[in-house]
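The next block holds one structure in the form of structure tokens; read it before the comments.
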Amino acid sequence: MMPKNTTAWLSHTCRKLLFRHCSLCQLPLEPYDDYWCHYCLSQFPSPPYCQRCGTTTLNSEQYCGHCLTTPPPWQRLYRLGEYQPPLQQLVSQFKFGKKFWLAKPLAKQLAKQITVPAPLLLPVPLHRWRYWQRGFNQSHYLALALARELNTQVAHKILVRTRHTEAQKSLTKKQRKTNLANAFTIKDCALPQHVALVDDVVTTGTTVALLTQKLHRRGVKRVDIITICHTEKPV
């Protein structure tokens with residue numbers, strides 16, 4: 001059986017050499033286009049959003065009203081947009097369609113927004129059972145591509161998901177917290193003062209909030225969140 005990385009490389013190379021079509025609309029790409037045509041790229045949402053929680057705002061104020069009074073435990077959230085077309089399709093292609101090569105262009109777009117890169121990126125881990133089902137951790141792929149863009153490091157074995165849990169999307173806020181109780185551990189190792197958690201989609205923020213609190217207890221002073229999409233609706 002061919003290794004997953006080799007398969008991804010071959011698929012990417014064939015697409016680049018033989019199938020020069022936009023991965024969203026499937027129309028032919030111009031010579032200067034890469035992965036997406038100019039029109040589809042212009043449809044990427046770029047509304048102002050709260051730099052603390054990621055919620056879309058009506059103006060370019062740094063923080064939303066909620067974060068001024070009750071901010072989340074992390075210090076900054078970077079995102080491309082909400083979980084809506086065309087980003088919704090790209091996340092689906094990347095996560096469920098196993099189009100690994102999309103990590104690179106997505107990371108390139110994300111890197112443009114990151115003003116203060118963390119020296120260490122920590123992908124949100126999958127439980128080994130979910131990893132076995134899916135075959136890869138999309139957050140790890142995204143973190144690796146981001147590290148190349150930002151010239152930082154990735155550590156994918158520091159955070160460990162020790163318990164398989166029910167999907168969060170169908171649970172209430174209280175149930176989500178209970179569902180994730182004792183689901184993660186952090187390996188005993190030295191951590192920098194500034195790290196970033198990388199996840200493909202942040203829905204309610206329960207998972208990254210729990211990991212942030214654990215990292216703070218380990219002495220980390222600043223935790224950023226980097227995600228493709230932010231949404232308050234179940235994904």
Side-chain touch Cys53/Leu77, heavy atoms, less than 4.5 angstrom:
no
Are the side chain of Gln75 and the backbone N or O of Pro73 linked by a donor-acceptor pair below 3.5 Å?
yes
Does Leu87 belong to the same Ile/Leu/Val/Met/Phe/Trp/Tyr cluster as Ile114, with side-chain heavy atoms less than 4.5 Å apart forming each link?
yes
Heavy-atom count around Gln153 CD within 6.0 Å, excluding the residue itself: above 12?
no
Non-hydrogen atoms of Cys37 and Leu29 that approach each other most closely:
N-CD2, 3.4 Å
Quick one: are Cys189 and Ile158 in side-chain contact, heavy atoms under 4.5 Å?
yes
Of all residues at least two apart in sequence or in a different chain, which pass the side chain to side chain donor-acceptor pair (under 3.5 Å) check with Ser139?
Asp199
How many angstroms lie between atom NE2 of His66 and atom OG1 of Thr57, to the nearest 0.5 angstrom?
14.5 Å
Got Glu30 and His38 here, is their nearest side-chain heavy-atom distance under 4.5 Å?
no
Using the rule that two of Ile, Leu, Val, Met, Phe, Trp, Tyr join whenever any of their side-chain heavy atoms come within less than 4.5 Å, decide whether Tyr78 and Tyr63 are in one cluster.
no
Does the Thr70 side chain pair with the main chain of Cys67, one donor and one acceptor, at a distance under 3.5 Å?
no
Thr212 side-chain N/O to Val208 backbone N/O, donor-acceptor pair under 3.5 Å:
yes
Non-hydrogen atoms of Phe136 and Lys98 that approach each other most closely:
CE2-CG, 3.8 Å
If you round to the nearest 0.5 Å, how far is NE2 of His140 from CG of Leu122?
10.5 Å
Leu41 meets the side-chain contact (heavy atoms from CB on, under 4.5 Å) criterion, sequence neighbours left out, with Trp36, Phe44, Gln109
Ser92 (side chain) donor-acceptor with Gln89 (main chain) under 3.5 angstrom:
no
Lys/Arg N to Asp/Glu carboxylate O, Asp200 vs Lys95, below 4.0 Å
yes
Give the minimum heavy-atom separation between Pro123 and Ala155, together with the two atoms involved.
CD-O, 3.6 Å
Out of curiosity, Glu149 CD to Leu146 CG, how far, rounded to the nearest 0.5 Å?
7.5 Å
Heavy-atom donor-acceptor pair, Glu61 side chain to Tyr49 backbone, under 3.5 Å
no
His216 side chain near Val223 side chain, heavy-atom distance below 4.5 Å
yes
Quick one, Gln113 and Leu80 - any side-chain contact, counting heavy atoms below 4.5 Å?
yes
Greater than 12 external heavy atoms within 6.0 Å of Lys108's NZ:
no
Residues Ser23, Gln93; criterion side-chain contact (heavy atoms from CB on, under 4.5 Å); working and verdict:
CA-CA 9 Å; Ser23 66; Gln93 291 174 9; 4.1 Å; yes
Does any part of the side chain of Thr56, heavy atoms only, come nearer than 4.5 Å to the side chain of Arg79, both counted from C-beta?
yes
Decide whether Tyr83 and Thr203 meet the rule of one side-chain donor and one side-chain acceptor closer than 3.5 Å.
no
Does the side chain of Pro48 come within less than 4.5 Å of Asn59's, by heavy atoms?
no
Joint cluster assignment, Ile226 & Val201, ILVMFWY side-chain distance < 4.5 Å:
yes
Give the C-alpha distance, both sets of side-chain angles, the deciding distance and a yes or no for side-chain contact (heavy atoms from CB on, under 4.5 Å) between Thr115 and Arg76.
CA-CA 10 Å; Thr115 54; Arg76 179 71 189 267; 3.7 Å; yes
Please say which of Val198, Thr227, Leu211 ends up in a side chain to side chain contact (heavy atoms under 4.5 Å, CB included) with Val124.
Leu211
Ring-plane angle category for Tyr141 and Phe100, please: parallel below 30°, perpendicular beyond 60°, tilted otherwise.
parallel
Test item: Arg52 side-chain N/O and Trp74 main-chain N/O as donor-acceptor pair under 3.5 Å
yes
Heavy-atom pair of closest approach, residues Leu121 and Ala118
CD2-O, 4.2 Å
pair Pro119-Thr152: side-chain heavy atoms closer than 4.5 Å
no
The test is side-chain contact (heavy atoms from CB on, under 4.5 Å); show your working for Leu210 and Phe184 and say whether it passes.
CA-CA 9 Å; Leu210 176 64; Phe184 298 97; 3.8 Å; yes
Could you go step by step and tell me if His194 and Val116 meet the side-chain contact (heavy atoms from CB on, under 4.5 Å) rule?
CA-CA 10 Å; His194 182 195; Val116 183; 4.1 Å; yes
